[in-house]
Structures are given as structure tokens and as C-alpha cells.
Number of protein chains: 2
Amino acid sequence: MLTERQLLILETIIQDYTDVGRPIGSKALERQLPVHVSSATIRNEMSVLERLGLVNKEHSSSGRVPSLKGYRYYVDNLVKPDATDKQTLESIRTSFGSQFFKSDEILAESAQILSEMTNYTAIAFKPESSDVFLQGFRVMPMGKQRVMVILAMSDGTVESQIFNLPKHINGEELEAMVRVINDQVVGLPIAQVVNKLHESIPLLLHYVHQPRGFLDVFGKILDKAAQDQFFIGGKLNLLNFVENGDIDQIKTLYSLIDRYDDINDLIGNSGENIQVKIGNELTNSSLANYSLISATYDVDQHGKGLIALLGPTNMPYSKMIGLLGTLREELASRLLDYYNLYDE
Amino acid sequence: MLTERQLLILETIIQDYTDVGRPIGSKALERQLPVHVSSATIRNEMSVLERLGLVNKEHSSSGRVPSLKGYRYYVDNLVKPDATDKQTLESIRTSFGSQFFKSDEILAESAQILSEMTNYTAIAFKPESSDVFLQGFRVMPMGKQRVMVILAMSDGTVESQIFNLPKHINGEELEAMVRVINDQVVGLPIAQVVNKLHESIPLLLHYVHQPRGFLDVFGKILDKAAQDQFFIGGKLNLLNFVENGDIDQIKTLYSLIDRYDDINDLIGNSGENIQVKIGNELTNSSLANYSLISATYDVDQHGKGLIALLGPTNMPYSKMIGLLGTLREELASRLLDYYNLYDE
DNA sequence: ACTTAGCACTTGGCCTTGTTGAGTGCTAAG
DNA sequence: CTTAGCACTCAACAAGGCCAAGTGCTAAGT
């Protein structure tokens, strides 16, 4: 167990390192600590902290730097979320603006706001789509033998795909088929749509010889919709924390952050309210200098989503955790407004 | 006017610099030139080229490097497009795959192929959209007082927007209004759609008090469609030619290349078949180390488009110009197939 | 038993100095 | 016009010296 003074020293080292980014020595600490003790005493205390693995030296005669374990200890035991001041709250609310027509826009805006306020990179995931349902389904002729299938989801997203019709089918048959499909699937949660359609194959055989082609289209469209579930703000900010001139690292980071699977892996949501992953706790080794704070948000019966902030390991955790806490509430309330408007 | 030998030396300097990226000295040239002359002679010739501004020294006793003027001279007078060999052509064709359903996909694929073959960054612009017309127009109810408007273009793109209905309007009135609008604008080139609708305002007043809201939606959607007219492949390759560790330059480049206006400025199409812009001929100073080769492609009555390649100033111009020439023909032919399929 | 002053030691960063290799311009002879 | 020879230049690199900030340890003070 650490003494009060050791806790204080650890905390001060972390805060100072956050500010200046250079190792902190005993004399510098002597000046900063609220209680006065000599630098020699501080040196003794620091060597205890070092033995515990909470701080490191960069070389044998350098000052101390928080270790990942030190950050972990700090985040688990010492950090207290900063209360978000009124001005910040106000500025979040004005940034959000007044009215949204698509839930995607709300998410994208959240990521944007978060990245602008922090100068880090923000990621916003849509609420689990279990309650997004198929709002409508239209077919539009494109030339003689081709049609465009348009699917609209209840969250305002639209997916479309063109494909060729079998030769024998004519306009009326198509109309009839569309009506059948409409009856079967409109209003269903998107995850169920493809299953339901598979059940209806016997019915569809009246109209098309190979209904699988049709079903593939649905499958493909819905897959795509499921992939498009996150929004990123401040991608460029990632670059601020790359070791100088390491182009390869930049490339790795950029290809990482564009892919849904990788991002998803990265966050590996444990279901906790607010979760902090530090340095090597992130799966990808290019992210050794980064930490990720993620927070779930809750839109009542519409499911849970997640927002996350990716910044340097030495970010000001109290401030960021506080901010993320505020933003998730604002985001949830916007989404709730959105859904309520829609339910009426 | 340059002598044969001077031309040969200039050309060799450029080719060698393309390979190794370091200044070329008289002895190195002595080894490489097809005709044998002593290094002293070469030194004399090089000092002539330097007086003409075609080559530079990096410092008083370094070898020579082609100047931008040198590249310009080379591109204007010496370069001959390499014939694309059969293997390359074959690999372009297989990369294109067999079938596309949206013209956007063809463009995106072109940019992708071009960037992969060159390891540079490729940009593909859609043909001028003058002959893209509004294929269809659908309205889909979303809850009680909101509808989603979906516009499908003849090139397979779809735009959608949700908006609130005025309170007094009911389903039947909406249907009627949709029919009116459909009659007026479906089949028109998108540029004319908004104008035509403005003419129809008196007609629309039967159904809505403020038809402008409706028209804004169209305007906004069509604007968006006009903006989305380019595709980029190999963005990350830009990083390969950044001076080591200049994070700021990276940021500038990245924000440049995401914006339609900037890209458009950059290319500033002169209408020439193939056009090369070198270093400071590009408007943006972050691109001093880059050259841009652009080529128009021609899809007969469907208009002209443009593909471009952004790489380092010391790229192998002959090879790249040859490749771009081939790719533009392949691209044009794909697009032509696409349109013909559609026109049938 | 804890705290502190003092001291010898370590290290990265910065500056200076020397060396080397590739290159240059110039001169004089072929 | 071409070429060999020579004195000179410069970037890149390595080696050495110095400094500031820091450390661990010891011995004395409370």
C-alpha cells in the first residue's frame, strides 16, 4: 500500500508529465509539491515507486516517467472525473445545433465535436442496430432489363443496388413480387429480414426461377449497413502523437482506423460504463503511445452505443473522462429526441 | 538550342535521379553514358546546362539535380510515352473484373488500380454530369409527419433526405404532389431539375403552402451529388514522399486531398489530352515535391472525364504517361459498356 | 526512524573538430 | 574540342568535450 505522500508524488509526476512531456526530476518535484520536503526525500520516495513498477527512468540518470502500470494505478485509484463547466456544456450544445434528420448525422457530429474539443481522435458507434427495422423497400426500373432496389432503414439510412432481371420476367410480375416481399419484411428488424425472406422462397418461386439472386442482394445491402456503423472525427489528430518522422507508423494507424473490424477489435467493449485502455493494453503495437477511453451510452429501449477517444498515453485523464461522461449524456439525449420524434 | 550530347546528359541525369534520388556527378555519368567522354568534358557540359537553369547543385560541390525547368524541358521535348506491355494491360483488365452496376464503382476501381500499379496517389473524376438525368423519385413515409425523399440518378447513385411535412398535409395530397413532380422532372438532366421545379411553383401551391422547403431539398441533394464526383486511390502513398518527419506537411496534404474544391483547383484542367504539372506549377506550396499527370478520357456523347496521378517530381514520366494513356482508354471503354448496357 | 545536505557519478543534448568521399572549376597540354 | 591533373568545397559521419539535470549513497541532524 502506498503512503499519502507517495500517492501525491505519483499523481504530481503524472500531471506534470501530461503538461510538459519530459521526465520529472526530484528538484522539479520539490518545487511543485504542495507540502515541502527536500529533493533527497523525494528521491527516496521515487525509488520506492520505481521498485513497485509505477514509474520508470528513461536512462540511469534521468528523471522519472509514469509507467503504463503507473497510469493504470492512477486511473483505477486516483483519477476523479472533472466536472464539466457550464461554458463547455453550452458549447457542446451549440455545436450540436438544432435539428437532425438522420441518426447518422448525430453520431458523426458527436465524433466531430469530441475531436475538436480535445484535439484527439474520436470514434462514435451507432447503438446496436437490433431495433433498426426496414422502413421501406422500393424498386425503380433502370432501362429495360435492370432495376434498382432501394432499402430504407428506420434510422434514415438508405442502401441501393442495381441488378439485372432474368429475361422472362415482366413489369407486372415484378410489381407482384415486390408486393409479396413488402408484406413479408417491411417493419422487421434488419437482422431478421434475410431469414424471413428465406422462408418465403416457395412463394417467390412463382415469380423468379432463382430467388437466391434476389436474396443475395438483400444480404449484401444489409451487411453493408451493418458495417457502416461508426464515425470518426479528427483523424488527422492521430498524427500529433506519432514519433517524429515514423511514416510507417502513420500508415499503420491510418489503415487501422478506416476498417470497421480493426476498430471494433481495438475497443473490445467490456460493457463497462467507462473504460480506459492504456498503451499495450491496446491490441495493436502501433498504438503503444496511445490510450483509449470509451464510454457506453444508453438510449433506453433503443439499445446501447459507444463513444471513444483515442489520444496519447499522457493525456489529462480526469478532464477527458469528465468530458466523455458529459458528451455521452448529450449524445444519448439527442438520439432519444430523435427517436421520440420518430415514434410519435 | 541544346546539342545532342547535352540532351543526352540531361536525360540521363533525370533518369538516374529518378532511380536513386541523389545528385548525379560527372564520374557517375561517365560510367552511364552510352558514348564515352571523360568526366571533365561532362563537367563542362553540365555547367552549360546549369547556366540554362535546367539543372541545379544542392551545394557548391555537389552533383547535379534536375531543376523544375529541367523537368519541364524534359517532359515537353524528350519524353516518349512507354508502350504498355501486354502483361500490364492484362493485369489492368483482370483488376477491373467483369461487371459493374454503378458508374461510381468503375471510377473508384480505376483510381484503385492506378494507385496500386504506381504506388502513387490516383484521382478519378466522373464524366461531366451533363447527361446524368433523374431516373426516379420516390417518397417513403417515416412516422406520421415525416417522409424520406429518395432521388435515383441514371448513373446508379442515390441520394436521400428526410424532412418534416407541414401539419395540414395528408397522405393523399402528398401522393398527388409526388405525381405532379414526377411528371415534371423525371428524365431531366439533374442540372435542370431545380429550374424546372421553380417553374412549377404555382402548381405546387395547391398542395403545400411553402413549396420552397421542398425545392431546397432537391437543391441540397443535387448539390451533394455534384460534389461527390471524384474518387481517390492510394491516399496513403502520399506519405511516401513527405520530407522526413514533417507532420505539418502531412496534415496539409491530407486536408487538401479530401476536399472537392481543392482537388479541382489543383488539377485546373486545361482541356489538354495529357497534361503534366510539375512542382511549383501546382498551386499549393505543400506540393512543391510533387508532380501531377492528368489525362482526359472521352465517353463519346456521355461527356469527358479526367484521371490524374499525383507522385513525386522525380517520377518516371515516360512510364507513367504511358500507363495513364492506357488506363484512360480502358476506363473509357468500361464506361461506354456501362452506358450502352443501360441505353438498350 | 525519518529527513536532509553534500558529493561523486551518469547521461542525453549540444557544440566543436577532424576525416573522408564525391564532386567541382580551372589550367595546361594533347 | 577533349582530357589529365590539381587544388578546393561540402555533406555526412564519428569522436571528443562540456553542461545541465538527474541519480544513489553516506553521514549528520532532528
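Quick note on labels: first sequence line is chain A, next is B, and so on, each numbered from 1. What's counted below: heavy atoms across the whole structure, side chains too, no hydrogens, waters or symmetry copies.
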**Study point:** Residue pair B/Ser291 / B/Tyr317, side-chain donor-acceptor N/O under 3.5 Å
**Key:** yes

Practice item. Ignoring hydrogens and angles, state whether a donor on the side chain of B/Asn77 or B/Arg72 is under 3.5 Å from an acceptor on the partner side chain. Key: no

Check your understanding: Should A/Arg51 be listed as having a side-chain N or O under 4.0 Å from OP1 or OP2 of D/dG24?
Key -> no

Point to revise | Any A/Thr41 side-chain nitrogen or oxygen under 4.0 Å from OP1 or OP2 of C/dT3 | key: no

Practice item. Report the relative orientation of the aromatic rings in A/Tyr290 and A/Phe241; use parallel for angles under 30°, tilted for 30 to 60°, perpendicular for over 60°. Key: perpendicular

Is a side-chain N or O of [X] found less than 3.5 angstrom from the main chain of [Y], in a donor-acceptor match?
X	Y	answer
A/Thr313	A/Gly279	no
A/Gln6	A/Thr3	yes
A/Ser115	A/Ala122	no

Practice item. Determine, for nucleotides 25-30 of chain D in 5'-to-3' order, which nucleotides have protein heavy atoms under 4.0 Å from the base (write B), from only the sugar-phosphate (write S), or from neither (write -). Key: B-----

Exercise for review: Could you encode protein contacts along nucleotides 10-15 of chain D as a string, one character per nucleotide from 5' to 3', using B for base contact, S for sugar-phosphate-only contact and - for no contact, with a heavy-atom cut-off of under 4.0 Å?
Suggested key: BS----

Rounded to whole Å, how long is the line connecting atom [atom1] of [X] with atom [atom2] of [N]?
X	N	atom1	atom2	value
B/Ile42	D/dT3	CD1	P	9 Å
A/Gln6	C/dT3	CD	P	10 Å
A/Met46	C/dT3	CE	P	15 Å
A/Gln32	D/dG22	CD	P	11 Å
B/Ile13	C/dT24	CD1	C1'	14 Å
B/Lys57	D/dT9	NZ	C1'	10 Å

Practice item. Take B/Ile307 and B/Phe125 through the side-chain contact (heavy atoms from CB on, under 4.5 Å) test and state the conclusion after the steps. Key: CA-CA 6 Å; B/Ile307 48 176; B/Phe125 282 78; over 6 Å; no

Practice item. Test B/Thr326 against every option in B/Asp82, B/Thr84, B/Asp85, B/Thr88 by the side chain to side chain donor-acceptor pair (under 3.5 Å) rule and name the one that passes. Key: B/Thr84

Check your understanding: Do A/Tyr254 and B/Tyr254 pass the ring pair (Phe, Tyr, Trp, His ring centres under 6.0 Å) test, and can you show the C-alpha distance, the side-chain angles, and the key distance before you say yes or no?
Key -> CA-CA 11 Å; A/Tyr254 261 81; B/Tyr254 261 81; 5.1 Å; yes

Side-chain polar contacts of residues 47-55 of chain A - donor-acceptor pairs under 3.5 angstrom, sequence neighbours left out - could you list them?
residue : atom : partner : partner atom : Å
A/Ser47 : OG   : A/Asn44 : O            : 2.9
A/Glu50 : OE1  : A/Arg64 : NE           : 3.0
A/Glu50 : OE1  : A/Arg64 : NH2          : 2.8

Revision key, fill the gap. Ranking C/dT3, D/dG24, C/dG25 by distance to the side chain of A/Arg64, first place goes to D/dG24

Point to revise | Trace of the side-chain contact (heavy atoms from CB on, under 4.5 Å) decision for B/Leu253 with B/Ile257 | key: CA-CA 6 Å; B/Leu253 287 180; B/Ile257 208 157; over 6 Å; no

Practice item. Check DNA chain D against residues 20-31 of chain B and give the residues with a non-hydrogen atom under 4.0 Å, in numerical order. Key: none

List, with names and distances, any nitrogen or oxygen atoms from the protein found under 3.5 Å away from nitrogen or oxygen atoms belonging to nucleotides 13-17 of chain C.
none

Revision key, fill the gap. The dot-bracket string of DNA chain C, counting Watson-Crick and G-U wobble pairs with both distances under 3.5 Å, using [ ] for crossing pairs and | for pairs to another strand, is ||||||||||||||||||||||||||||||

